Amino acid sequence: QAQLVESGGGSVQAGGSLRLSCVASGYTYSRYSMGWFRQASGKEREGVAAIDGDGSTSTAASVKGRFTISKDNAKNTLYLQMNSLKPEDTAIYYCAAQWGNILSLASRWYNVWGQGTQVTVSS
């Protein structure tokens, strides 16, 4: 059974950095697309960054230049490096995986979801 487990969330001050990790099990994710999503309190879930099986990436305009998605196939792990964090980045961050290889920030393409990790940025 495919499972995704996120870690690395926490509380930081504005301008700080965090790196989120997502370990995949029961799933050969290296051939498929994966992504990071976030949901702030009272808001809809939004796509943050995605990476496909070939390593191509897509990043939301709101985080471009600050967040970087990457993966380590040997460790079956997806990462999100978050720099220059802002209070508006505060949200629960979710890792997600597809049974396909569509590079997209739209949640409808994703089939497996992690439980989420909280990121809180204070001003």
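Here the structure is a predicted model, which means the values were calculated and not measured.
With a 4.5 Å cut-off on side-chain heavy atoms, Trp36 and Cys95 count as touching. The side-chain heavy atoms of Gln39 and Tyr93, taken from C-beta on, include no pair separated by under 4.5 Å. Side-chain contact between Thr117 and Leu20 is present, with heavy atoms from C-beta onward closer than 4.5 Å. Between Asn101 and Asp54 the shortest side-chain heavy-atom distance falls below 4.5 Å.
Contact record, Ile69 with Gly35: CD1-CA, 4.3 Å, taken as the closest heavy-atom pair. Looking at every heavy atom in both residues, Asp52 comes nearest to Lys71 through O-NZ, 3.1 Å. Here the closest non-hydrogen pair linking Ser122 and Pro87 is C-CG, 4.4 Å. Residues Met82 and Val119 approach most closely at CE-CG2, 3.9 Å, considering heavy atoms.
The CD1 atom of Ile102 lies 13.0 Å from the OG atom of Ser58; values are rounded to the nearest 0.5 Å. Distance CD/Gln115 to SG/Cys22: 8.5 Å, rounded to 0.5 Å. We find the OG-CD distance between Ser104 and Gln98 to be 7.0 Å, quoted to the nearest 0.5 Å. Note that the CG atom of Asp89 and the OG atom of Ser84 stand 9.5 Å from one another [nearest 0.5 Å]. Within the model, atoms CG of Leu85 and OG of Ser17 stand 6.0 Å from one another, a figure rounded to the nearest 0.5 Å. Atom-to-atom distance recorded for Asn76:CG and Leu4:CG is 9.5 Å, nearest 0.5 angstrom.
At a cut-off of 3.5 Å, with distance as the only test, no side-chain donor of Thr77 or Asp72 sits close to an acceptor on the other residue.
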Original post:
Does the side chain to side chain contact (heavy atoms under 4.5 Å, CB included) test come out yes or no for Ser21 and Glu6, once each step is laid out?
Top reply: CA-CA 6 Å; Ser21 299; Glu6 304 100 330; over 6 Å; no

**OP:** Evaluate the side chain to side chain contact (heavy atoms under 4.5 Å, CB included) criterion for residues Phe67 and Asn83: first the C-alpha distance (whole Å), next the side-chain angles of each, then the deciding distance (0.1 Å), finally the verdict.
**Re:** CA-CA 6 Å; Phe67 290 13; Asn83 299 327; over 6 Å; no

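The side-chain tip of Arg38 does not point at the ring of Tyr94 from less than 6.0 angstrom away and within 45° of straight on.
Ile51 and Trp99 fall within the same hydrophobic cluster, where Ile, Leu, Val, Met, Phe, Trp and Tyr residues are linked whenever their side-chain heavy atoms come under 4.5 Å apart, directly or through other members. Tyr79 and Leu105 fall into different hydrophobic clusters, where Ile, Leu, Val, Met, Phe, Trp and Tyr residues are linked whenever their side-chain heavy atoms come under 4.5 Å apart, directly or through other members. Note on Leu103: it does not cluster hydrophobically with Val48, by side-chain heavy-atom contacts below 4.5 Å among ILVMFWY residues.
In this structure, Tyr110 and Phe37 have perpendicular ring planes: the angle between them is above 60°, well past the 30° mark.
Of the possible polar contacts, none joining the Thr90 side chain to the Thr120 backbone as a donor-acceptor pair under 3.5 Å is found.
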